[in-house]
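In this text, all values refer to a predicted model and were calculated from it rather than measured experimentally. Chain naming here is simple, since letters A, B, ... match the order of the sequence lines and numbering starts at 1 in each.
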Amino acid sequence: MPELPEAETLARQLQNLIAGRSLRQITVLSQRVTRDPLAQVRQQRVDRVQRYGKWVLLQVDVGWLVIRLGMTGTLRWCAPQGPYTRAILHFEHGWLCFNDIRQFGSITLRPQLPNELGPDPLEMDHRDWCSMLRSNRALKPALLDQRKLRGLGNIYTDEILFAAGLHPLVEATRLGEPQIERLERCTVEILERAIELGGSSISDFVDVYGRPGRYQFEHRIFRRAGEPCSRCGERIQRIVVAQRGTYYCPACQRL
DNA sequence: ATTACTACCTGACAGC
DNA sequence: TGCTGTCAGGTAGTAA
């Protein structure tokens, strides 16, 4: 579920809920969550919570807890433990359940702030965009590569490409200056609007209080195959790009 | 070094 | 009802 806007939604809520508070201990309920000795993390002050790409980071005394939601991970404040609760973070004033049906998510502990991913699309300047687009591949796979730019996933990539009028299979390196500028502008507009609405809930995503996001009501292309394009009326198509379902308008997004 | 593809899990849904 | 196949928002790991 979680792409940049969903991770940002969770990080902001957790910053308010747990920054400055004491993390008493972590209960690991499924060993797939981590290989790190999280049970030994005791009595840590959470300095702050921030987002790194699609990940949620908690800064604690001994380093950084890196929470990756995978496809179906959620973080629920003071929710009852359920069948898919894989870990519980116990605080002085409540607890956080890490629920994850498919178990692609993880919680790891690192001594340092992670830095292996590409730039954040909300902080990139024009030069960053030009250098990330210097790539011998189609545009969509390039945008999905977290080492090139961190935070975009399947939903927002399709929405951004539609808004920018760019075909998902166009070679990244062939974009002209005006197209790159359109891509930059649409990326920021769509991500900021999605954050404003608490992210997209397609099936699993909910915030720490269990509330769904509302940006899915503004999706114009994602999972709308067969419907008329909202801009031109042409039938929206679904193709497979980089093994992911990909939605686009053949009239508005020409190769 | 970069790019492409499989595998990891579980559940929802469509069709027979 | 129950089986089978397809699809699903991510990303390690491996192969070319």
Side-chain angles (χ1 to χ4, degrees), chain A residues 1-11 29-36 51-57 66-75 82-87 98-108 110 114 116-118 121 131-162 168-173 187 190-191 194-195 197-207 212-226 237-248:
Chain A
M1 74 185 171
E3 301 182 34
L4 184 155
E6 292 75 33
E8 181 69 26
T9 300
L10 298 175
L29 299 165
S30 163
Q31 66 160 31
R32 291 191 180 279
V33 167
T34 193
R35 279 184 254 174
D36 297 346
R51 174 184 63 74
Y52 181 69
K54 307 172 186 177
W55 308 347
V56 174
L57 309 182
V66 177
I67 304 177
R68 289 192 256 188
L69 289 310
M71 291 274 246
T72 53
T74 57
L75 293 170
Y84 305 116
T85 302
R86 310 300 184 184
F98 174 61
N99 299 335
D100 185 15
I101 292 175
R102 290 176 72 181
Q103 304 194 89
F104 291 166
S106 67
I107 303 177
T108 52
R110 302 196 193 188
E116 67 265 39
L117 304 182
S131 86
M132 79 100 9
L133 291 168
R134 222 170 286 133
S135 160
N136 271 334
R137 58 217 293 219
L139 183 52
K140 175 160 172 171
L143 293 172
L144 287 173
D145 186 341
Q146 304 296 299
R147 285 159 313 201
K148 297 269 181 188
L149 131 175
R150 61 179 195 258
L152 296 189
N154 207 34
I155 296 178
Y156 294 101
T157 303
D158 280 4
E159 292 296 325
I160 288 164
L161 291 176
F162 173 74
L169 288 175
V170 70
E171 287 172 56
T173 197
T187 299
I190 284 173
L191 293 178
I195 290 167
L197 294 184
S200 301
S201 293
I202 292 298
S203 59
D204 302 302
F205 177 71
V206 287
D207 68 13
R214 286 158 291 142
Y215 189 69
Q216 67 276 16
F217 301 120
E218 299 193 9
H219 290 175
R220 296 181 71 188
I221 200 83
F222 185 73
R223 292 217 190 159
R224 289 184 173 277
Q237 296 251 333
R238 177 185 187 275
I239 56 174
V240 174
V241 177
Q243 291 83 238
R244 320 296 301 278
T246 297
Y247 302 85
Y248 77 108

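Look at Trp55(A) and you'll find a side-chain N or O under 4.0 angstrom from OP1 or OP2 of dT11(C). The phosphate of dG9(C) (OP1 or OP2) has no side-chain N or O of Lys54(A) nearer than 4.0 angstrom. Taking only side-chain nitrogens and oxygens, Arg137(A) never comes nearer than 4.0 Å to OP1 or OP2 of dT2(B). One finds no side-chain N or O of Tyr247(A) lying less than 4.0 angstrom from the OP1 or OP2 phosphate oxygen of dC7(C). The side chain of Ser135(A) places an N or O atom within less than 4.0 Å of a non-bridging phosphate oxygen (OP1 or OP2) of dT3(B). In terms of phosphate contacts, Arg244(A) brings a side-chain nitrogen or oxygen within less than 4.0 Å of OP1 or OP2 of dG10(C). In this structure, Gln103(A) reaches the dT10(B) phosphate: one of its side-chain N or O atoms is under 4.0 Å from OP1 or OP2.
Side-chain contact between Lys54(A) and Gln146(A): present, with at least one pair of heavy atoms (C-beta onward) separated by less than 4.5 Å.
Remark: the separation of the P atoms in dT6(B) and dT6(C) is 14 Å, to the nearest Å.
Asn136(A) comes within contact range of the sugar-phosphate backbone alone, with a heavy-atom separation under 4.0 Å but no base atom that close. The residue Arg238(A) sits close only to the backbone: its heavy atoms come under 4.0 Å of sugar-phosphate atoms, none of a base. Nucleic acid contact for Tyr156(A): none, since no nucleic acid atom lies under 4.0 Å from a heavy atom of the residue.
Across dG9(C), dG10(C), dT10(B), the shortest atom-to-atom separation from the side chain of Phe104(A) is found for dG10(C). Which of dT11(C), dT10(B), dG9(C) sits closest to the side chain of Gln146(A) comes down to dT11(C). Of the candidates dG9(C), dT11(C), dT6(B), dT6(B) carries the atom nearest the Gln243(A) side chain, counting heavy atoms from C-beta on. When the nucleotides dT3(B), dG11(B), dG9(C) are ranked by their closest atom to the side chain of Ile101(A), dG11(B) comes out on top.
What separates CD1 of Ile202(A) from C1' of dG10(C) is a distance of 15 Å, to the nearest Å. The nearest whole Å value for the distance from the OH atom in Tyr84(A) to the C1' atom in dG11(B) is 7 Å.
Nearest approach of Gly245(A) to Lys140(A), heavy atoms of both residues: O-NZ, 3.6 Å. The shortest non-hydrogen separation linking Pro168(A) to Leu161(A) is CA-CD1, 3.7 Å. The minimum heavy-atom distance between Pro5(A) and Ile195(A), with the atom names listed, is CA-CG1, 3.8 Å.
Within 6.0 Å of atom CD in Glu116(A), more than 12 heavy atoms from other residues, nucleotides or ligands are found, so the atom counts as buried in its surroundings.
Under the Watson-Crick or G-U wobble criterion, with both distances below 3.5 Å, dG9(C) has no partner in any strand shown.
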